[in-house]
Engineer: 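I'd like to ask you about the structure that follows.
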Amino acid sequence: MTTLSTRDTRRQFEEIVGKLAAEDPSLARPVRMIPKRVLLSILAVAGALVWAGLSVLMVVWGAVGVAITCVTVAVAIGLGVYRQRRLSSNN
């Protein structure tokens, strides 16, 4: 009986996965654990809660709350633009 080292077993596994991915490219796609629709719903609710909190913050803290809100909105827009550019450069 021949025993394979972990390295040999891993190499064989990678070869098998490579052949399967070549035959069916859909197997090579990463699997999303949370469906996109659910993820978007969660993000929408979280965004609404953050926006409501920032609105309260502007009333309670005045100018400091407005400044924090402006910084938060600028960061959110910057992240959105960065993500969009990254996604468009990958395609």
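Being a predicted model, the structure only gives us computed values, none of them experimental.
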Engineer: Among the clusters formed by ILVMFWY side chains lying less than 4.5 Å apart, do V66 and V56 turn up in the same one?
Structural biologist: no
Engineer: Same cluster for L39 and V50 if Ile/Leu/Val/Met/Phe/Trp/Tyr side chains link at under 4.5 Å?
Structural biologist: no
Engineer: Does the distance from a Lys or Arg side-chain N to an Asp or Glu carboxylate O, for K19 and E15, drop under 4.0 Å?
Structural biologist: no
Engineer: Return the OG1 to CD1 distance between T72 and I77, rounded to the nearest 0.5 Å.
Structural biologist: 11.0 Å
Engineer: Please tell me whether L54 and V71 are part of a single hydrophobic cluster in this structure, the criterion being side-chain heavy atoms less than 4.5 Å apart.
Structural biologist: no
Engineer: Between Q84 and V81, does a side chain to side chain contact (heavy atoms under 4.5 Å, CB included) hold up when you go through it step by step?
Structural biologist: CA-CA 5 Å; Q84 188 67 28; V81 169; 5.7 Å; no
Engineer: Rounded at 0.5 Å granularity, tell me how far CZ in R86 sits from CG in L79.
Structural biologist: 10.5 Å
Engineer: Are the side chains of V38 and P35 in touch, meaning some heavy atoms are under 4.5 Å apart?
Structural biologist: yes
Engineer: Could you walk me through whether W51 and T69 satisfy the side chain to side chain contact (heavy atoms under 4.5 Å, CB included) test, starting with their C-alpha distance in whole Å, then the side-chain angles of each, then the deciding distance to 0.1 Å, before giving a yes or no?
Structural biologist: CA-CA 9 Å; W51 185 251; T69 300; 4.2 Å; yes
Engineer: Do I68 and V73 land in one hydrophobic cluster if side-chain heavy atoms of ILVMFWY residues count as linked below 4.5 Å?
Structural biologist: yes
Engineer: Considering only heavy atoms from C-beta outward, does the side chain of L40 approach that of R37 to under 4.5 Å?
Structural biologist: no
Engineer: For the hydrophobic clusters of this structure (ILVMFWY residues joined by side-chain heavy atoms under 4.5 Å, transitively), does one cluster hold both V60 and L57?
Structural biologist: yes
